[in-house]
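Residue numbers start from 1 in every chain, and the chains themselves are labelled A, B, ... in the order their sequence lines are given, proteins ahead of strands. Here the structure is a predicted model, which is why all the values come from computation and not from measurement.
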There are 2 protein chains.
Amino acid sequence: MTQRQAEDDHPPSSAEMFTRAVALLTAQGDLRVWSVIISVFGDLALERNDVITGTLLTRLTTLMGLKPEAVRVALFRLRKDGWITSHKTGRSSAYRLTDMGFGETQAARARIYAPSLPEPESWQLLVSRPMVQAARAQDEKTLQEQGFHVVGPGIYLGAGDLSAGDEFLAIDGQITRLPDWLRVSVPPDGLEQGFADLCTRLRDLGALLDGGAPKLDATERATLRVLIVHHWRRLLLRQPNLPDRFFPDGWPGVACRGRVMALLARLERPALGELQETPG
Amino acid sequence: MTQRQAEDDHPPSSAEMFTRAVALLTAQGDLRVWSVIISVFGDLALERNDVITGTLLTRLTTLMGLKPEAVRVALFRLRKDGWITSHKTGRSSAYRLTDMGFGETQAARARIYAPSLPEPESWQLLVSRPMVQAARAQDEKTLQEQGFHVVGPGIYLGAGDLSAGDEFLAIDGQITRLPDWLRVSVPPDGLEQGFADLCTRLRDLGALLDGGAPKLDATERATLRVLIVHHWRRLLLRQPNLPDRFFPDGWPGVACRGRVMALLARLERPALGELQETPG
């Protein structure tokens, strides 16, 4: 019996629906715990000094099916890598992003929650001097971190307001022709399938919620939101930060973005205070 | 005894001065006769239907030290290659540029006589799809003919109003950084020495004319003009059509241009009618 038939027969209870929703978003069993925890902070800790209690973290990750021991290891690693700090409050711990951690999540949020990718006012194309491949690889790494896309060997495209070194030929202006060969080359290998899979899961999730999303409580909404943001973020941040027209026709990342935005709007973000006060 | 000392001792007669001037401009003995004849048309036949008589051509080329037999061969070749047509007028011949010939000289004149190279209102940078070298060489040839400069493999820079195929990534705008490595790479090999040599010859010619340029007759002025334009054109059209700031610091083409313009202003262009009426 398929899930859709089951829904037709007797609408699921709120608890059943939540369980099925989590199953849809964890079916691939590929959650990296430390990365999920960053997604928790990214979606819920919006202010610089927001604190997330160990109690809340345990509650959310348990609902996602993650093991407490794996969460403890991940928290240790995140502290060690400078993403979070912790302090004791009575018998339990509380966690907060470091300056670095907050900066990274803040920067990523601009991409993750953007309902569309606006065209920058101007573009710049950089051309490097001829150089050996090893030196070029270093340039590519640096410029990609700054937000440039590698169009070809020694050729970099970025928004007009990005700054880059003096050693490049630079032209600032408008992209007047965007050929198919370039659009096809923009997404890295493997990303199309990833977006297509997520798109399917989000479509199924939307159908599931059509029954009774409003009945979900704050913790349940937070759990689903974090899982959606997590999967979306993992794929999105692997693709170049370019507007939709730079991608091949029918690029599934576009449909995926629409579904993410619709689901997040539907699963209203609970305030952190509300979540922390909920008994564990 | 140097030339300068000779001038100090007794100023040369007009005829002596002309002979020395021609010697300065033909000292390298590298005149290609057919190319000199194109320079004659280019400097003197400004209107579409201007005719140059065989008599005038013979007179000018003889003054340059070219052999009548070489001129006959060159005229034959220019007719065969579609540059000029000829018709008989009485016992002598008259020559006229074809549409192709006039188009080519007209296009070259825009560069040859420009007192400076203005910056275009906008630039465009084209990036080609990755391709094998043979295909790229074809692209380079086509685009260079259209006025683009090859910045690197598959990267072409041109004025914003040039048109090029749809298959390139194109960005239109302003050049905001022009690094030294590019400027050094712009001139083709060997051109710097050629410009430097011409610059020296033009400096010496200027010094020579300081005495008595106004005394030169129309034929003499035409002869010197054609030789100056000829040498200048042969070098200039080998360098990319880019403003001075794209060339290395101290690029001798810049000083050369100034001297060419000053000398042409001084050696006023005689009207073609005046030249043809002069007894041979």
Residue by residue, scan residues 168-202 of chain A and write down, ordered by number, those that have a heavy-atom distance under 4.5 Å to chain B; if none do, write 'none'.
A:F168, A:L169, A:A170, A:I171, A:D172, A:G173, A:Q174, A:I175, A:T176, A:R177, A:L178, A:P179, A:W181, A:L182
Would you indicate whether the side-chain heavy atoms of A:F247 and A:Q239 approach each other to under 4.5 Å?
yes
Tell me if a side-chain donor or acceptor on A:H149 pairs with a main-chain N or O of A:N241 at a distance below 3.5 Å.
no
Using non-hydrogen atoms and a limit below 4.5 Å, what part of residues 119-135 of chain A faces chain B?
A:W123, A:Q124, A:L125, A:L126, A:V127, A:S128, A:R129, A:P130
Under 3.5 Å donor-acceptor, A:T98 side chain and A:W83 backbone
yes
Is A:R96 paired with A:D50 through a side-chain N to carboxylate O contact shorter than 4.0 Å?
no
Could you check if a side-chain atom of A:V229 sits within less than 4.5 angstrom of a side-chain atom of A:Y113, using non-hydrogen atoms only?
yes
For atom CD of B:Q106, is the number of surrounding heavy atoms from other residues, nucleotides or ligands below 6.0 Å larger than 12?
yes
Can you run down the salt bridge (Lys or Arg N to Asp or Glu O under 4.0 Å) pairs that involve residues 144-155 of chain B, sequence neighbours left out, and say none if there aren't any?
B:K141-B:E145
Within a 6.0 Å radius of atom CZ on B:R48, are there more than 12 heavy atoms belonging to other residues, nucleotides or ligands?
yes
A:R233: side-chain hydrogen bond (donor to acceptor under 3.5 Å, both in side chains) partners, not counting sequence neighbours
A:S35, A:S39
